[in-house]
Amino acid sequence: MKDVILKAVANPPKLFWGPVLPTALNAGLQIPFMFMAIGIWNVNPLVFIISIITGHLIVIALGAKDPHLSGMIQAFGQTNLVSQNLYKEKGNKFEP
């Protein structure tokens, strides 16, 4: 096997020391809400900066525990589908 493949599997991509997908979700949700709150309610942005950093530290801690967190979230999104079973049985059997 090539060394490049092993590095990609062993070291998933990170964004500011956290897994990419949870970090992007954290920033993608909190930053627009911060700008809306500043524009609508004239809120101090320091409160949101502290919450963004706190959320990011939590994401970093979860990423240190499980570095493949982004892959697990993507896999859950692909397999959390309701399938039509060919035979009358309980649960999803993943049959065509």
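All figures in this text were calculated on a predicted structure; none of them were measured in a lab. Hydrogens, waters and symmetry mates play no part in the numbers below; they use all other heavy atoms, side chains included.
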Enquirer: Determine, using the 4.5 Å side-chain heavy-atom cutoff (strictly less than), whether V43 and L46 are members of one ILVMFWY cluster.
Expert: no

Enquirer: Can you check whether T23 reaches H56 side chain to side chain, under 4.5 Å on heavy atoms?
Expert: yes

Enquirer: Between K14 and G63, which heavy-atom pair has the shortest distance, and what is it?
Expert: NZ-O, 4.3 Å

Enquirer: Looking at CG of N26 and CD1 of I52, how far apart are the two atoms once the value is rounded to the nearest 0.5 Å?
Expert: 7.0 Å

Enquirer: Can you get from V59 to L69 by hopping between Ile, Leu, Val, Met, Phe, Trp and Tyr side chains that sit under 4.5 Å apart?
Expert: no

Enquirer: Tell me, with the steps shown, if D66 and M72 meet side chain to side chain contact (heavy atoms under 4.5 Å, CB included).
Expert: CA-CA 9 Å; D66 188 9; M72 289 173 49; 2.6 Å; yes

Enquirer: Is it true that L29 and F16 fall in one hydrophobic cluster, defined by side-chain heavy atoms closer than 4.5 Å?
Expert: no

Enquirer: Any side-chain heavy-atom pair from F33 and Q30 closer than 4.5 angstrom?
Expert: no

Enquirer: Would you give the length of the straight line joining atom CD1 of I38 to atom CZ of F48, rounded to the nearest 0.5 angstrom?
Expert: 7.0 Å

Enquirer: Could you check whether any side-chain heavy atom of M34 comes within less than 4.5 Å of a side-chain heavy atom of S51, counting everything from C-beta outward?
Expert: no

Enquirer: Only one of I73, I60, L62 clears side chain to side chain contact (heavy atoms under 4.5 Å, CB included) with P22; which?
Expert: I73

Enquirer: Which pair of heavy atoms, one from S70 and one from P19, lies closest together, and at what distance?
Expert: OG-CB, 3.5 Å

Enquirer: Quick one: do I49 and I40 end up in the same hydrophobic cluster if we chain Ile, Leu, Val, Met, Phe, Trp and Tyr together by side-chain heavy atoms under 4.5 Å apart?
Expert: yes

Enquirer: Starting from I53, can I reach I31 by hopping between I/L/V/M/F/W/Y residues whose side chains sit under 4.5 Å apart?
Expert: yes

